[in-house]
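A short worksheet on the structure shown next.
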Protein chains: 2
Amino acid sequence: MTHKRSRQRELIKAFLMTRRDHPTADVVYSRVRQEMPNISLGTVYRNLTLLSELGEIQRLRLGDGTDHFDADTSPHNHFICNHCKAVIDLEMESIDSIDKVAAAGFQGEIEGHVTYFYGSCPACAEHSQIS
Amino acid sequence: MTHKRSRQRELIKAFLMTRRDHPTADVVYSRVRQEMPNISLGTVYRNLTLLSELGEIQRLRLGDGTDHFDADTSPHNHFICNHCKAVIDLEMESIDSIDKVAAAGFQGEIEGHVTYFYGSCPACAEHSQIS
DNA sequence: TCAATAATAGTAATGATTACTAATATTGAT
DNA sequence: ATCAATATTAGTAATCATTACTATTATTGA
């Protein structure tokens with residue numbers, strides 16, 4: 001099942017690469033529609049799924065009911081602001097060693113983990129401060 | 001907004017306390033219905049939400065599209081089998097120190113994290129083995 | 001026993017996502 | 001360039017988990 005190119009898929013990928021804020025499918029749709037007014041929402045979903053299966057983008061299941069997408073496929077961790085719900089990349093040293101901690105005493109096999117950090121983002125932390 | 005008792009809520013809580021497998025709302029519903037045949041699905045959802053807000057149970061958002069529930073509110077980590085999708089409690093030493101790793105160099109405030117481990121559960125790892 | 005009101009059953013509505021289908025676009029070969 | 005094969009699309013309908021709505025019922029403290 002080889003795949004053909006499509007203007008739609010390339011536009012979606014290109015748009016996602018300009019963003020650092022991990023948009024949802026709906027945000028991708030409304031923004032990409034400015035360039036291609038009758039692209040359909042189904043096309044956006046299908047291509048986001050395909051691109052993430054191909055490993056060209058990353059799907060983030062934050063547990064907030066809507067998936068987010070990230071064109072940065074390099075391994076990195078994410079932070080979600082409890083207040084404004086912003087999703088932010090974290091630059092931090094690897095915590096992959098927690099897999100070994102989990103594996104100790106576990107009969108099955110640990111193959112990986114998903115971690116999200118929560119708290120107040122820089123902007124929200126600033127605003128809540130007594131200055 | 002004080003709350004009154006209800007047979008339904010107590011039944012839901014009691015059922016959940018007998019389980020170690022982190023059932024979904026639907027599973028709770030179908031099982032609890034054996035004891036109380038005309039309980040409604042909405043009642044199950046409402047009470048699972050209320051109980052987790054009260055801190056009596058824990059809601060697990062595994063990112064698989066359906067929330068799971070756990071009557072064990074003590075801090076512990078979870079493992080999801082990539083094959084059979086079973087959700088299993090992990091007995092492991094604390095990894096809460098990863099919050100400090102994330103906080104280093106981050107301008108906002110890290111208040112906590114959510115982590116899920118993935119891989120092959122004991123049963124599935126066994127079956128896939130060349131014996 | 002009673003009045004106040006929280007909780008329920010049953011059903012409708014919502015929101016994210018997927019499935020379906022006839023029409024269109026892309027591709028490699030003629 | 002043309003063509004046939006087929007992947008992809010637009011548009012819409014369907015699905016699935018969850019929440020909202022409302023008239024009725026259950027719980028509670030007086």
Side-chain angles (χ1 to χ4, degrees), chain A residues 1-16 21-54 56-70 80 85 87 116, chain B residues 1-16 21-70 80 85 87 114 116:
Chain A
M1 201 196 296
T2 174
H3 73 277
K4 297 176 178 173
R5 303 200 160 173
S6 84
R7 297 209 315 113
Q8 289 84 344
R9 181 157 53 247
E10 277 160 15
L11 182 57
I12 289 164
K13 172 87 182 286
F15 165 66
L16 210 52
D21 65 343
H22 319 81
T24 62
D26 219 66
V27 169
V28 172
Y29 174 55
S30 64
R31 181 58 192 279
V32 146
R33 203 145 60 132
Q34 293 175 15
E35 298 242 333
M36 192 180 282
N38 55 357
I39 192 171
S40 78
L41 183 55
T43 296
V44 172
Y45 271 104
R46 189 168 9 80
N47 281 301
L48 287 172
T49 297
L50 177 57
L51 287 168
S52 65
E53 281 168 1
L54 294 174
E56 293 186 39
I57 66 172
Q58 210 186 336
R59 180 193 294 261
L60 305 180
R61 298 189 187 274
L62 308 180
D64 67 344
T66 48
D67 291 355
H68 294 247
F69 296 88
D70 188 351
I80 300 100
K85 309 302 175 192
V87 182
Y116 296 112
Chain B
M1 201 198 294
T2 173
H3 72 277
K4 298 176 179 175
R5 302 200 159 173
S6 85
R7 296 208 317 113
Q8 288 83 346
R9 181 156 54 247
E10 277 160 15
L11 182 58
I12 289 165
K13 172 87 182 285
F15 165 66
L16 210 54
D21 66 343
H22 317 82
T24 61
D26 220 65
V27 170
V28 173
Y29 174 56
S30 65
R31 182 59 192 279
V32 146
R33 203 146 60 134
Q34 294 175 13
E35 298 241 335
M36 192 181 280
N38 54 357
I39 192 172
S40 77
L41 183 56
T43 295
V44 172
Y45 271 105
R46 189 167 9 81
N47 280 300
L48 288 172
T49 297
L50 178 57
L51 287 168
S52 66
E53 282 168 1
L54 295 174
E56 292 185 39
I57 66 172
Q58 211 185 336
R59 180 193 294 262
L60 305 179
R61 299 189 187 273
L62 307 179
D64 67 346
T66 48
D67 290 356
H68 294 248
F69 296 89
D70 188 352
I80 299 100
K85 307 304 176 192
V87 182
V114 169
Y116 296 111

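Here is the naming used below: chain letters follow the sequence lines, and residue numbers restart at 1 for every chain.
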Spacing of [X] atom [atom1] relative to [N] atom [atom2], expressed in whole Å:
X	N	atom1	atom2	result
A:E53	C:dT17	CD	C1'	14 Å
A:D64	C:dT17	CG	C1'	14 Å
B:L11	D:dT27	CG	C1'	17 Å
B:L54	C:dA7	CG	C1'	14 Å
B:R9	D:dT28	CZ	C1'	13 Å
B:N47	C:dA6	CG	P	15 Å
A:I39	C:dA25	CD1	P	14 Å
B:E10	D:dA26	CD	P	15 Å

Write down the protein N/O and nucleotide N/O pairs, taken from nucleotides 18-20 of chain C, whose separation is under 3.5 Å; answer none if there are no such pairs.
none

TODO: Could you identify which residues of residues 26-37 of chain B place a heavy atom less than 4.0 Å from some atom of DNA chain C, listed by residue number, or say none?
DONE: none
Report yes if the side chains of [X] and [Y] come closer than 4.5 Å at any heavy-atom pair, otherwise no.
X	Y	value
A:L11	A:R7	no
A:H68	A:D21	no
A:L60	A:F69	no
A:L62	A:V87	yes
B:L16	B:V28	yes

Please confirm whether the shortest side-chain N or O distance from [X] to OP1 or OP2 of [N] is below 4.0 Å.
X	N	value
B:Q8	D:dA26	no
A:N38	D:dT9	no
B:T43	C:dA9	yes
A:S6	D:dT8	no

- [ ] Using ring-ring contact (aromatic ring centres under 6.0 Å, His included) as the criterion, list what pairs up with B:H22, not counting sequence neighbours.
- [x] B:H78
From the set [options], return the single nucleotide nearest to any side-chain atom of [X].
X	options	value
A:K4	D:dG11, C:dA9, D:dT8	D:dT8
B:R5	D:dA10, D:dT27, D:dA7	D:dT27
A:R7	C:dA7, C:dG10, C:dT26	C:dT26
B:T66	D:dA17, C:dT26, C:dA9	D:dA17

Open item on the list: Based on the rotation axes of five pairs at each end, what angle does the helix from C:dT1-D:dA30 to C:dT30-D:dA1 bend through, to 10°?
Closed with: 40°
Task: Set of residues satisfying side chain to side chain donor-acceptor pair (under 3.5 Å) with respect to A:R33, sequence neighbours excluded - done: A:Y29
TODO: Over all heavy atoms of both residues, which pair between A:S52 and A:T49 is shortest? Give the atoms and the distance, please.
DONE: OG-O, 2.9 Å
TODO: Would you please name every residue forming a salt bridge (charged side-chain N to carboxylate O under 4.0 Å, His left out) with A:D67, sequence neighbours left out?
DONE: A:R59, A:R61
TODO: Could you walk me through whether B:E10 and B:I12 pass side chain to side chain contact (heavy atoms under 4.5 Å, CB included), step by step?
DONE: CA-CA 5 Å; B:E10 277 160 15; B:I12 289 165; over 6 Å; no
Task: Side chain A:R9, main chain A:L48, donor-acceptor under 3.5 Å - done: no
- [ ] Indicate whether any N or O donor in one side chain lies under 3.5 Å from an N or O acceptor in the other, for A:T43 and A:R46.
- [x] yes
